[in-house]
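Everything on this sheet refers to the single structure shown next.
As the structure lists them, so they are numbered: ligands from 1, and atoms in each ligand from 1. Please read these numbers as outputs of a predicted model, since none were measured by experiment. One is the number of the first residue; the rest follow in order along the sequence.
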Amino acid sequence: MKKIIIGDQIVKSFGQGDEKRNILDGVSAYINEGEFVAVMGPSGSGKSTLMFALSGMDGVNDGKVVFDGRDLSAVGENELSDIRRLKMGFVFQQPTMLKNLNILDNIILPSMRDNRKNAAKISEKARVLMKKVGITELEKRDITQVSGGQLQRAGICRALMNSPKIIFGDEPTGSLNSKSAQDIMDIFSEINAEGTAVMLVTHDAKVAARTERIMFMRDGSIVSELKLPKFDGADMDGRIEKVMVKMREIGI
Ligand SMILES: Nc1ncnc2c1ncn2[C@@H]1O[C@H](COP(=O)(O)OP(=O)(O)OP(=O)(O)O)[C@@H](O)[C@H]1O
Ligand SMILES: [Mg+2]
């Protein structure tokens, strides 16, 4: 299986001198093309730090990250930002959107910066995505006039605008109620079924149970992994149980 990301012996430390601490302590991790993976672990175990390292959002102190065949430590800042912008999508717990722009304009803003001439095409693509996630009727709304789940859908549209090879989500369902979280997971499943790799950090067994591989972290290391068949709508309870057994085993 071709790997979209390979992280090899990644070391990430914060602080200086005596205060210096290794947050990631020689972590190796990979993501296959089109794979759906989750990262779980206690608060402070290094999940977000790993995601930032694998996505090139943050540099590493040692080891290397290869994305789509390119060693990220060897590419310049401009190319790195192109790779992130064109091949990766990011979704966070709270989407950062601009208050004085409506939902549609927030979704297209990053793409417009690149290519102002194609405004009509860009808006058309945004509308296709908004339809897909069920927020078509909200395009003119201010971001303060929609629910958390709707805002998260808009954030997903924005992340999908450039048809990325992978979507990274750091607790994308973390501030949603259980119904909205499941709806958002349906969207991630659909995106993944269309061939986009998805990597989600989550505390929620129900979210992780939708994926096909879960990496469990503790104290800056990946200590265990659980593989599941690709989710096809069946046996959700059995999958959740498997995740929970593993969580208990590692003491999350
Ligand atoms: N910029 C930073 N400077 C100093 N320490 C940091 C920085 N970012 C993260 N850390 C530390 O690194 C450790 C791992 O943080 P990280 O955010 O990766 O954890 P996490 O597993 O994502 O936790 P959570 O589930 O709470 O989001 C924590 O001890 C945190 O305090
Ligand atoms: Mg985190």
Can you report which non-hydrogen protein atom sits closest to [atom], along with the distance?
| atom | value |
| --- | --- |
| atom 15 (O) of ligand 1 | Thr49 OG1, 3.7 Å |
| atom 30 (C) of ligand 1 | Arg21 NH2, 4.6 Å |
| atom 26 (O) of ligand 1 | Ser43 OG, 2.5 Å |
| atom 9 (C) of ligand 1 | Phe14 CE1, 3.5 Å |
| atom 17 (O) of ligand 1 | Ser48 CB, 3.8 Å |
| atom 11 (C) of ligand 1 | Ile23 CD1, 3.8 Å |

- Within 45° cone of Tyr30 ring axis and under 6.0 Å: Arg213 NZ or CZ: yes
- Query: Given that the side chain starts at C-beta and the backbone is N, CA, C, O, which of these parts of Met217 lies under 4.0 Å from ligand 1, counting heavy atoms, or is it both or neither?
  - Reply: neither
Between [X] and [Y] (salt bridge meaning N to carboxylate O under 4.0 Å), is one present in this structure?
| X | Y | value |
| --- | --- | --- |
| Glu124 | Arg127 | no |
| Lys246 | Glu225 | no |
| Asp183 | Arg153 | yes |

Is a side-chain donor or acceptor of [X] paired with a backbone partner of [Y] at a separation under 3.5 angstrom?
| X | Y | answer |
| --- | --- | --- |
| Gln145 | Asp142 | yes |
| Asp8 | Ser28 | no |
| Asn22 | Asp25 | no |
| Thr202 | Asp204 | yes |
| Arg239 | Ala209 | yes |

Would you check whether [X] reaches within less than 4.0 Å of ligand 1, judged by its heavy atoms?
| X | value |
| --- | --- |
| Pro42 | yes |
| Gly46 | yes |
| His203 | yes |

- Query: Does the protein put any heavy atom within less than 4.0 Å of atom 2 (C) of ligand 1?
  - Reply: yes
- Task: Only heavy atoms count here, so choose which of Lys47, Arg218, Gln93 is nearest to atom 25 (O) of ligand 1.
- Result: Lys47
- For the residue pair Leu109 and Arg158, establish whether any side-chain heavy-atom pair is separated by less than 4.5 Å. no
- Item | Thr49 backbone or side-chain N/O/S under 2.8 Å from the Mg ion (ligand 2) | no
- Query: Looking only at N/O atoms, are Gly44 and ligand 1 under 3.5 Å apart anywhere?
  - Reply: yes
- Item | Under 4.0 Å to a heavy atom of Glu171 - the qualifying atoms of ligand 1, by number | 25 (O), 27 (O)
